[in-house]
Number of protein chains: 2
Amino acid sequence: MSVTIKDIAKRAGVSITTVSRALNGYPDIHPRTRERVLRIADELNFRPNAVARSLVMKKSKTIGLIISELTCSPSSHHFIFDIIRGVHDQAALMGYDVILSATSPNQQQEISYMELCTRRQLDGVLLMGVRTDDRYLQEVLDASVPCVLIDVPLISKTCGHVMVDNVCGARMAVQHLVDIGHRRIGMINGHRQAYVSFDRLKGYRQALKENGLTFDPDQVFDGNFEEDAGVEGVNRLLSRFPDMTALFCASDMIAVGALRALQQWGKRVPEDVAVVGYDDIDLARYIHPPLTTIHQPRYQMGKKAAELLVRMLSGGKGEAVVLEPQLIARESTIR
Amino acid sequence: MSVTIKDIAKRAGVSITTVSRALNGYPDIHPRTRERVLRIADELNFRPNAVARSLVMKKSKTIGLIISELTCSPSSHHFIFDIIRGVHDQAALMGYDVILSATSPNQQQEISYMELCTRRQLDGVLLMGVRTDDRYLQEVLDASVPCVLIDVPLISKTCGHVMVDNVCGARMAVQHLVDIGHRRIGMINGHRQAYVSFDRLKGYRQALKENGLTFDPDQVFDGNFEEDAGVEGVNRLLSRFPDMTALFCASDMIAVGALRALQQWGKRVPEDVAVVGYDDIDLARYIHPPLTTIHQPRYQMGKKAAELLVRMLSGGKGEAVVLEPQLIARESTIR
DNA sequence: TTGAAAGCGCTAACAT
DNA sequence: ATGTTAGCGCTTTCAA
């Protein structure tokens, strides 16, 4: 049996109320009493029971980190882990615990969003990896529990989000290609159910336009964020546009696949075709040739998301936090 | 305000006791009553309050996943993320939620092991990444909360562990090198505060012995699990043993560093020096040359750990779960 | 088969 | 400055 405030009260010869107040630093308590209570609590090695407190306070000091099924794709961990760390560190800093959850692939196991929240009395939720067509999204908007979305640009009274500016990132990538002389630039995009795909395409178009290049939808291959899409994308794009000299990929894994396919086409990178990826996962540095890519501040995304959520928990409104991407030039575009 | 069993009781015209029993599937309840209660609960969209239940049951159906500071090293995410997934999936399957925690670098923030457990009423704890000299370890052994250690071979009444057989893994690696003709085999090990380092060295020695090769401590470089150690290890080892033809590295990141250093020495891999890594992180497949390595079933480790912990929670004793590593031969040893 | 009552450990009116 | 009392939502004796 563990020590409760009752034990302390008995030992200190005061009521449990006094103990509670002393422990929680209320002002209306005699310094000597407080001191004695604190000392005894320490002697008894007292640990407050967060569960009991949650029950009466109706606040659990816990946030849920929900990772959508989508994000459990083979390559996603490069991306997710840093975000998890950022979320955890910032949450801990602010006195919150993080419960991990995932929208599971097998339907039967699936727990509804609200169910999770109410069951565990979550104060708020962080949601990442949801697709535009995810049914969770509607639940989130309907729910009263504050929520911060990662990479999904929705905003409402109870909803905010954190993103990296994808339009900007894509523009930087394409502008970089233009700057080093490319005019025939293809794109391999992620799947259409990701918000980021939409913005990256937009950035690609903008950059072309800004440089007086015409946008041709056929020069964009819609795949997914995995390696395979890179392979298929190159095959399609190159057979249709043999004179393509540059490729913007919506993820580093796509770029990895592209690199492989380009090699099979006998194209040298960057001499024949320059390649830019997106994400700056560890692999980008180590692959051959090292990949020029758009860096996303993943740890910061997690931190900012947790920060925003806690702000919302204390009455703040949902807002949009947009972080800046960064171009990392490596040898896949310049030698 | 959310729906409670009281609301259901009122609406159904029964006592809250009856509602509780009906909801929890007790047998001593009239089928018709149960049915009505269930229907009303559903109509009202009732969600049991896990916090209240935890308070009275003294079981939170929550386990803590504590990741030691150590494990937050730059390269560790390759390894950890899969374990987290395994833990989460298996825990969810068995009705447990997972709270994420970390032993934080800044001392002041540091929460004691027991504090975390009692505060959140954790039913059990999973601990990974602790060093042999970590003070958490003693707390764990002293504590009454069941605990499963990952990659730390301790066992007690309340403690079990999950590991991959590191002696075996190292032997496989070295045996592989011997099999393809190497006799002068160096090793770059991780730091000494990791249990796995000890076992991998043991496996290295065993394999040498089994093949009639003599063990020379100078042929082992003790570094850490990061890339830098690989670079430094190669430099040290090669300047002392210019005729070394093979290298066993205690992590893939070490091997990556080794590959880089070897190149600077003008050594071709695998022609001049063969390299074997450990872990089989994603990078191993993509680096040039693709790395021969020892695969660790990371997702399984997480799953098994959660499984063991839950078994212990229902009265099981601490036990040792040992998984099998697997040799993945790639081009860093054979062309 | 059902209900009344106690209580898990804590906080928070409302006295005093 | 301190104590009394009433809950938070649930489970669980014990009686009926």
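Sequence lines set the chain letters: A, B, ... in the order given, protein chains first and strands last, and positions in each chain run from 1. The figures that follow rest on heavy atoms only: side chains count, while hydrogens, waters and symmetry mates do not.
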Is there a residue in residues 37-45 of chain B whose heavy atoms reach under 4.0 Å of DNA chain D, and which residues are they? none

Residues at least two apart in sequence or cross-chain that pass side chain to side chain donor-acceptor pair (under 3.5 Å) with A/Asn45, listed by chain then number, are A/Arg47

Can you name the residues that form a side chain to side chain donor-acceptor pair (under 3.5 Å) with B/Glu35, not counting sequence neighbours? none

How would you label the contact of A/Val51 with the nucleic acid (heavy atoms, under 4.0 Å): base, sugar-phosphate, or nothing? nothing

Of all residues at least two apart in sequence or in a different chain, which pass the side chain to side chain contact (heavy atoms under 4.5 Å, CB included) check with [X]?
| X | answer |
| --- | --- |
| A/His88 | A/Ala92, B/Leu100, B/Ala102 |
| A/Asp42 | none |
| A/Asn24 | A/Ser20, A/Tyr26, A/Arg53 |
| B/Lys61 | A/Arg120, B/Tyr96, B/Asp123 |

Please determine if a side-chain N or O atom of [X] lies less than 4.0 Å away from the OP1 or OP2 oxygen of [N].
| X | N | result |
| --- | --- | --- |
| B/Ser15 | C/dG3 | yes |
| A/Thr33 | D/dT2 | yes |
| A/Lys59 | C/dT11 | no |

When the axes are fitted on five pairs at both termini, how much does the helix from C/dT1-D/dA16 to C/dT16-D/dA1 curve, in 10° steps? 40°

For B/Glu324, check salt bridge (Lys or Arg N to Asp or Glu O under 4.0 Å) against everything at least two apart and list the hits. none

Salt bridge (Lys or Arg N to Asp or Glu O under 4.0 Å) involving B/Asp82 - partner list, sequence neighbours excluded: B/Arg85, B/Arg298

Taking protein heavy atoms under 4.0 Å as touching, what does nucleotides 11-16 of chain D look like 5' to 3' if B marks base contact, S marks sugar-phosphate-only contact and - marks none? BB----

Any side-chain hydrogen bond (donor to acceptor under 3.5 Å, both in side chains) involving residues 146-158 of chain B? Give me the pairs, sequence neighbours left out, ordered by first then second residue. none

Can you spot which of B/Leu154, B/Leu127, B/Val148, B/Val152 makes a side-chain contact (heavy atoms from CB on, under 4.5 Å) with B/Val140? B/Leu127

